[in-house]
Amino acid sequence: MRILGIETSCDETGVAVYDSDRGLLAHRLYSQIELHADYGGVVPELASRDHVRKIIPLLKELLADAGSRLEDLDGVAYTAGPGLAGALMVGAVFGRTLAWSLGIPAVGVHHMEGHLLAPMLEANPPAFPFIALLVSGGHTQLMRVDGIGRYELLGESIDDAAGEAFDKVAKMLKLDYPGGPAVARLAEQGDDSRFNFPRPMLDRPGLDFSFSGLKTAVLNAQNNTEDYPQKKADIAASFQAAAIDTLSRKCERALKESGVKRLVVAGGVSANKLLRAKLADMVQRHKAEVFYPALPFCTDNGAMIAFAGCQRLLEGEQQSLLIKVRPRWPMTELAAPGSV
């Protein structure tokens, strides 16, 4: 089965062709970073307009890369949520209409399920069950995964997500957009022991996260500490150390409590070098394994949507002609493919 995947949930236009027999044939991604950089964050209306502008040219390039024609497609998968409503509508309307015109099925995919399954695109995919740390944009969640669509929420952020905290700290430090990579780059020049920032919610049981207190501690350090040449780099390094330590120790707790020996980490923050180093040490101590998507598939992309959609289309799941997007969509509401 050959599936076109379309991702337009936020500020990246992603398209891909995935074949159930041959794997990923091609993918294309256009990032709107330059468009939103002057505003220090994503402007929803501009994001929607740019998806409209780029989606058809990207599709033409993709089909050429994949050696495919529209007539070769067996289905279309598009991101139906969560995300920005206008941006989601661009991909949903385009994808559902294209599928209707070709007489093939379409399916709306949960954006976070796409991230969760992205490591399945690799040569050594994780087997079920596994624990998943999803750290993408406004989401920080720990899930137990017993199969596609069989998800148990173990813990999530009760306020800011990790990615949001990185972005807000970047603004405090007057760094460029996007904030996460900018903080990580600056942290390489700093002393992560200079500021003793809190590791939120590690002193209590459970697997929930909180990053608002850590963010406030950074703001206080920025405003109330005497300036010195390395101050910003030290703050960045100390913040990153606290945030990553929190994520790593919660993952360790989840593995211990569940008895599961496989950990999947997906989403934009999964590309963070310090996080990968911390988790590598942790799973080695526990004789466990950790799996990641390839770096191009850590951020939003069409390949993960094509793969996730393919699994559901293979089980006969498909979208009606009613086009619906869900800007807010709890992942625990998903059912296993073929069960509904």
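Two residues are said to be in side-chain contact when any heavy atoms from C-beta on lie closer than 4.5 Å; Gln222 and Thr225 fail this criterion. Leu4 places none of its side-chain heavy atoms less than 4.5 Å from the side chain of Tyr18. Using a 4.5 Å heavy-atom threshold, the side chains of Arg199 and Arg249 count as touching. Side-chain contact between Ile131 and Ser258 is present, with heavy atoms from C-beta onward closer than 4.5 Å. Taking 4.5 Å as the limit, every side-chain heavy atom of Arg150 sits out of range of all side-chain heavy atoms of Val145. At a threshold of 4.5 Å between non-hydrogen side-chain atoms, the residues Arg285 and Glu252 count as touching. Counting heavy atoms from C-beta outward, Val17 and Ile3 have side chains that stay 4.5 Å or more apart. Residues Tyr30 and Glu12 fail the side-chain proximity criterion, which asks for heavy atoms closer than 4.5 Å.
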Using a 3.5 Å cut-off and no angle test, enumerate the donor-acceptor pairs between side-chain atoms of residues 301-315 and protein atoms at least two apart in sequence or in another chain.
unit_1: Asn301; atom_1: OD1; unit_2: Ala303; atom_2: N; d: 3.1
unit_1: Asn301; atom_1: OD1; unit_2: Met304; atom_2: N; d: 2.8
unit_1: Asn301; atom_1: ND2; unit_2: Phe297; atom_2: O; d: 3.2
unit_1: Asn301; atom_1: ND2; unit_2: Thr299; atom_2: O; d: 2.8
unit_1: Gln311; atom_1: NE2; unit_2: Phe307; atom_2: O; d: 3.0
unit_1: Arg312; atom_1: NE; unit_2: Glu113; atom_2: OE1; d: 3.0
unit_1: Arg312; atom_1: NH1; unit_2: Glu317; atom_2: OE1; d: 3.0
unit_1: Arg312; atom_1: NH1; unit_2: Ala335; atom_2: O; d: 2.9
unit_1: Arg312; atom_1: NH2; unit_2: Glu113; atom_2: OE2; d: 3.0
unit_1: Arg312; atom_1: NH2; unit_2: Ala335; atom_2: O; d: 2.9

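Remark: Asp65 pairs with Arg28 by the side chain to side chain donor-acceptor pair (under 3.5 Å) rule, at least two apart or across chains.
Side-chain contact, Ser136 with His115: a donor N or O sits under 3.5 Å from an acceptor N or O. Using a 3.5 Å distance cut-off with no hydrogens or angles, the side chains of Asp167 and Tyr177 do not pair a donor with an acceptor. Side-chain contact annotation: Glu7 with Ser9, donor-acceptor N/O pair under 3.5 Å present. Donor-acceptor pairing under 3.5 Å is lacking for the side chains of Ser212 and Asp160.
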Asp11 vs Ser31, side-chain contact (heavy atoms from CB on, under 4.5 Å): CA-CA, chis, key distance, verdict: CA-CA 6 Å; Asp11 60 341; Ser31 174; 5.5 Å; no
Verdict with supporting geometry, Glu333 and Arg326, salt bridge (charged side-chain N to carboxylate O under 4.0 Å, His left out): CA-CA 12 Å; Glu333 292 183 5; Arg326 297 184 62 179; 2.7 Å; yes
Worked check of side-chain contact (heavy atoms from CB on, under 4.5 Å) between Val93 and Arg96: CA-CA 5 Å; Val93 170; Arg96 189 65 193 89; over 6 Å; no
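Using a 4.0 Å cut-off between charged nitrogen and carboxylate oxygen, Lys231 and Glu226 do not count as a salt-bridge pair. Here Arg49 pairs with Glu45 in a salt bridge; the nearest charged N to carboxylate O distance falls below 4.0 Å.
A single hydrophobic cluster is seen to contain both Ile244 and Phe195, as judged by linkage of ILVMFWY side chains at heavy-atom distances under 4.5 Å, directly or through other members. When the side chains of ILVMFWY residues are joined at heavy-atom separations under 4.5 Å, either directly or via intervening members, Val169 and Leu274 end up in a single hydrophobic cluster.
The two residues Val90 and His51 make their nearest non-hydrogen contact at CG1-CB, 3.7 Å. Nearest heavy atoms, Ala184 versus Asn272: CB-ND2, 4.0 Å.
More than 12 non-hydrogen atoms from other residues, nucleotides or ligands lie less than 6.0 angstrom from CG of Asp191. Within 6.0 Å of NZ in Lys171 there are 12 or fewer heavy atoms belonging to other residues, nucleotides or ligands. Around atom CG of Asn196, no more than 12 heavy atoms belonging to other residues, nucleotides or ligands sit under 6.0 Å away.
Phe166 has its ring centre less than 6.0 Å from the ring centre of Phe239.
Residue Leu134 forms a side-chain contact (heavy atoms from CB on, under 4.5 Å) with just one option from Glu156, Met331, His139, and that option is Met331.
Arg53 contributes atom CZ, which lies 8.0 Å from atom CG of Leu35 (distance to the nearest 0.5 angstrom).
Ring geometry for Phe128 versus Phe130: interplanar angle under 30°, hence parallel rather than tilted (30 to 60°).
For residues 71-104, the set of pairs meeting the ring pair (Phe, Tyr, Trp, His ring centres under 6.0 Å) definition, not counting sequence neighbours, is empty.
No cation-pi contact links Arg144 to Tyr151, judged by a cut-off of 6.0 Å to the six-membered ring centre and 45° from its axis.
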